[in-house]
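The first residue of the sequence shown is numbered 1, and numbering continues consecutively from there.
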Amino acid sequence: MGFFGTYLYAGNQWTDHDPDQPVEAPGPWLQINIHDSDFTIVSYHPPYEGTGVAYLGYTPRMYFESETEHPRTNTTQEAAGLATWSTTYTATTPADLLPYLAEDQDTFDQEDEDEEDDEDLPDSEIYVEVKTADFLTTLGLPLPPALDQLLA
């Protein structure tokens, strides 16, 4: 079984958060929701009006093989929004963030790779927790304690 965890970064600290509850904190905040070690939903609110959502690992559209349940992603727009959000913490550019973001594919053919192929992949391409940690570091944020402990 994979790892599940939802954490909210607001007021310069991480707290556990119920993914079914709306975030009540004023901006800026960032929430990560790690789903079954396969994808992370990144939701954020900058210090001004607006919100955004991006994905790491798979997009829900690809993971659940659904063309209608989830809108298509726009990784260029997501990277720009996250880079703007991150200016509170570090000078991150969209180009720094784009490699982390999951993008929808044209088909749902995501056959599991055999173990031999997985051995050639970096851990960040196998375990979304590793990719999430790298992403947060790029944003200039500390890791949530539970994720830090998991990766130690």
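What you find for S43 and V53 is that their closest heavy atoms are OG-CG2, 4.1 Å. Among all heavy-atom pairs drawn from L101 and A54, the shortest one is CD2-CB, 3.9 Å. Across every non-hydrogen atom of P99 and K131, the tightest pair is O-NZ, 4.3 Å. Nearest heavy-atom pair across V23 and H17 is CG2-NE2, 3.9 Å. Between P94 and A80 the shortest heavy-atom distance is CG-CA, 3.8 Å. Closest of all the heavy-atom pairs between A79 and L98 is CB-CD1, 4.0 Å.
Side-chain atoms of I32 and P144, non-hydrogen and from C-beta on, do get closer than 4.5 Å to each other. Proximity of D36 to F4: side-chain heavy atoms (C-beta onward) are separated by under 4.5 Å at one or more points. For the pair I41 and H35, the minimum side-chain heavy-atom distance is 4.5 Å or more. Between V128 and D38 there is no side-chain heavy-atom pair separated by less than 4.5 Å. Counting heavy atoms from C-beta on, the side chains of E78 and T75 come closer than 4.5 Å.
Side-chain atoms of D18 come within 3.5 Å of backbone atoms of D20 as a donor-acceptor pair (strictly under, hydrogens ignored). In this structure, T92 contributes its side chain and T138 its backbone to a donor-acceptor pair below 3.5 Å.
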Which side-chain N or O atoms in residues 5-12 pair as donor and acceptor under 3.5 Å with protein atoms at least two apart or in another chain?
residue, atom, partner, partner atom, Å
T6, OG1, N33, OD1, 3.1

Please list, one pair per line, the donor and acceptor atoms closer than 3.5 Å that link side chains of residues 145-152 to other protein atoms, with sequence neighbours excluded.
none

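Using the six-membered ring where Trp is involved, W29 and H45 have ring planes that are tilted, between 30° and 60° apart.
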Exercise for the section: I would like to know whether T137 and D134 meet side-chain hydrogen bond (donor to acceptor under 3.5 Å, both in side chains); could you show each step before the answer? Expected result: CA-CA 5 Å; T137 300; D134 293 347; 5.5 Å; no
Exercise for the section: Dump the intermediate steps for side-chain contact (heavy atoms from CB on, under 4.5 Å) on L139 and Y100, then the final yes or no. Expected result: CA-CA 11 Å; L139 286 175; Y100 295 102; over 6 Å; no
Practice task
Run the numbers on V42 and F135 for side-chain contact (heavy atoms from CB on, under 4.5 Å), then give the verdict.
Solution key: CA-CA 10 Å; V42 179; F135 172 77; 4.0 Å; yes
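Atom OG of S86 sits about 6.0 Å away from atom CG of L97, to the nearest 0.5 Å.
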